[in-house]
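Keep in mind the model is a prediction, meaning the values are calculated, not measured. Just so you know, residue 1 is the first one in the sequence shown, and it goes up from there.
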Amino acid sequence: MTRKQEIMGKTAEMFKELFDRETLARLFSAERSNEFFDALFGDASEGAYDIELAWRDATETELTMELRLNQRPNCCLVCNLTSGLPPVFTRHPIINIGGLVKEIDALPGNTRKSASWSLGETEQLNEALHIIPLHIILA
């Protein structure tokens, strides 16, 4: 194993250990979905999905998280509903991606800080789950 592979492995392992279920739920609470839909529609029950934060992967230079859009019961999660979300999520004060990245930077045990971030294109895993990747470039 080269030194670079060793460092990459340690970075990925550190983030994998940091992002347990409890930490992810604290960083992006389940209530945030309802707050988002309440602000958007005036009624949280109008939302078609719940948003959940998940860890995907890390390299020496980038941490990738996921905003998982989980279809709510008796709702329809279709591509035309979710494909335009990355620009919306980038700016929306309740989703607050910039604040989320700052919270990740401040996690105890996190030795790597962010230099910048961006949201990727919506990925449809199946009819009930769409994902928006959050790419965090590490300093």
Side-chain angles (χ1 to χ4, degrees):
M1 179 183 301
T2 68
R3 175 77 175 132
K4 185 175 181 177
Q5 289 172 322
E6 184 179 327
I7 291 169
M8 285 175 36
K10 287 182 180 179
T11 299
E13 192 60 35
M14 177 199 61
F15 281 119
K16 186 176 182 179
E17 289 177 15
L18 275 177
F19 296 122
D20 59 26
R21 278 197 172 289
E22 183 180 294
T23 299
L24 291 167
R26 190 174 65 249
L27 288 168
F28 200 96
S29 70
E31 293 79 30
R32 199 178 300 195
S33 296
N34 284 336
E35 292 169 3
F36 173 70
F37 288 118
D38 192 46
L40 198 61
F41 301 127
D43 184 356
S45 68
E46 293 293 318
Y49 52 86
D50 290 307
I51 308 165
E52 174 187 18
L53 182 67
W55 176 81
R56 180 186 282 187
D57 195 13
T59 67
E60 179 61 18
T61 58
E62 183 177 338
L63 166 63
T64 305
M65 305 293 290
E66 297 177 342
L67 294 173
R68 299 178 141 242
L69 312 177
N70 297 295
Q71 180 177 290
R72 289 181 174 178
N74 302 315
C75 291
C76 184
L77 188 61
V78 294
C79 290
N80 63 352
L81 180 67
T82 64
S83 63
L85 285 175
V88 173
F89 281 7
T90 296
R91 299 183 312 273
H92 204 282
I94 291 174
I95 301 300
N96 191 13
I97 299 296
L100 173 63
V101 171
K102 286 179 183 174
E103 287 183 61
I104 291 170
D105 280 349
L107 284 174
N110 181 4
T111 60
R112 300 297 310 273
K113 304 306 176 199
S114 64
S116 64
W117 61 267
S118 65
L119 292 178
E121 298 292 319
T122 304
E123 303 168 4
Q124 181 179 352
L125 266 67
N126 57 53
E127 290 181 4
L129 176 61
H130 295 193
I131 291 175
I132 300 173
L134 167 57
H135 303 285
I136 301 171
I137 304 303
L138 301 171

J.: For residues 86-106, which residue pairs qualify under ring-ring contact (aromatic ring centres under 6.0 Å, His included), counting only residues two or more places apart or in two chains?
T.: Phe36-Phe89, Phe36-His92
J.: Specify the closest pair of heavy atoms between Thr64 and Glu62, including all atoms of both residues, with the distance to one decimal.
T.: OG1-OE2, 3.4 Å
J.: For the backbone of Val101 and the side chain of Ser114, can you confirm whether one donor and one acceptor N or O come within less than 3.5 Å of each other?
T.: no
J.: Can you tell me which residue pairs pass the salt bridge (charged side-chain N to carboxylate O under 4.0 Å, His left out) test with a partner in residues 114-139, sequence neighbours excluded?
T.: Arg56-Glu123
J.: Same cluster or not: Leu125 versus Ile51, using hydrophobic residues (I, L, V, M, F, W, Y) connected whenever any side-chain heavy atoms lie under 4.5 Å apart?
T.: no
J.: In the single-linkage hydrophobic clustering (I, L, V, M, F, W, Y; side-chain heavy atoms under 4.5 Å), do Ile131 and Leu77 co-cluster?
T.: no
J.: Is there a path of hydrophobic side-chain contacts, each under 4.5 Å between heavy atoms of I/L/V/M/F/W/Y residues, joining Leu40 to Ile97?
T.: yes
J.: Nearest 0.5 Å please: distance from the CZ atom of Arg32 over to the CD1 atom of Ile95.
T.: 6.5 Å
J.: Where do Ser33 and Arg72 come nearest, in terms of heavy atoms and distance?
T.: CB-NH2, 3.9 Å
J.: Residues in salt bridge (Lys or Arg N to Asp or Glu O under 4.0 Å) with Arg68, at least two apart?
T.: Glu66
J.: I need the minimum non-hydrogen distance between Ile94 and Ala39, along with the two atoms involved.
T.: CD1-CB, 3.5 Å
J.: From Ile132 CD1 over to Leu119 CG, what is the distance, rounded to the nearest 0.5 angstrom?
T.: 6.5 Å
J.: Excluding sequence neighbours, so at least two apart, what forms ring pair (Phe, Tyr, Trp, His ring centres under 6.0 Å) with Phe37?
T.: Phe41, Tyr49
J.: How far does CD1 of Ile104 sit from CH2 of Trp55, to the nearest 0.5 angstrom?
T.: 12.5 Å
J.: Tell me, please, which residues at least two apart from His135 pass ring pair (Phe, Tyr, Trp, His ring centres under 6.0 Å).
T.: none
J.: Tell me every residue that passes side-chain hydrogen bond (donor to acceptor under 3.5 Å, both in side chains) with Asn96, counting only those two or more places apart in sequence or in another chain.
T.: none
J.: To the nearest 0.5 angstrom, please state how far the CG atom of Asn110 sits from the CG atom of Leu138.
T.: 8.0 Å
J.: Please report the closest heavy-atom contact between Thr82 and Pro86, naming both atoms and the distance.
T.: O-CD, 4.0 Å
J.: Other hydrophobic cluster members with Ile137, side-chain heavy atoms of Ile/Leu/Val/Met/Phe/Trp/Tyr under 4.5 Å, chained?
T.: none
J.: Do Arg112 and Leu63 make a side-chain contact, defined as non-hydrogen atoms from C-beta onward lying under 4.5 Å apart?
T.: no
J.: Decide side chain to side chain contact (heavy atoms under 4.5 Å, CB included) for Leu100 and Leu134; before the verdict, give the C-alpha distance in whole Å, the side-chain angles of both, and the deciding distance to 0.1 Å.
T.: CA-CA 10 Å; Leu100 173 63; Leu134 167 57; 4.0 Å; yes
J.: State the CD-CG distance between Glu52 and Asn70, to the nearest 0.5 angstrom.
T.: 5.0 Å
J.: Show the atom names and distances, to 0.1 Å, of all donor-acceptor pairs under 3.5 Å that link a side chain in residues 21-29 to residues at least two apart or in another chain.
T.:
unit_1 : atom_1 : unit_2 : atom_2 : d
Thr23  : OG1    : Leu18  : O      : 3.4
Thr23  : OG1    : Asp20  : OD1    : 2.8
Ser29  : OG     : Glu31  : OE1    : 3.3

J.: With side chain to side chain contact (heavy atoms under 4.5 Å, CB included) as the criterion, how do Leu53 and Leu67 come out once you've worked through the C-alpha distance, each side chain's angles and the decisive distance to 0.1 Å?
T.: CA-CA 5 Å; Leu53 182 67; Leu67 294 173; 4.1 Å; yes
J.: If you look only at pairs with a residue in residues 99-109, which of them pass as a salt bridge (charged side-chain N to carboxylate O under 4.0 Å, His left out), with sequence neighbours excluded?
T.: none
J.: Listed by chain and number, what are the side-chain contact (heavy atoms from CB on, under 4.5 Å) partners of Asp43, not counting sequence neighbours?
T.: Ser45, Glu46
J.: Restricting to side-chain hydrogen bond (donor to acceptor under 3.5 Å, both in side chains), what partner residues turn up for Ser118, sequence neighbours left out?
T.: none
J.: What pair of heavy atoms forms the shortest contact from Gly47 to Cys75, and how long is it?
T.: O-SG, 3.8 Å
J.: Please, which pairs that meet salt bridge (charged side-chain N to carboxylate O under 4.0 Å, His left out) have at least one residue in residues 90-100, sequence neighbours excluded?
T.: none
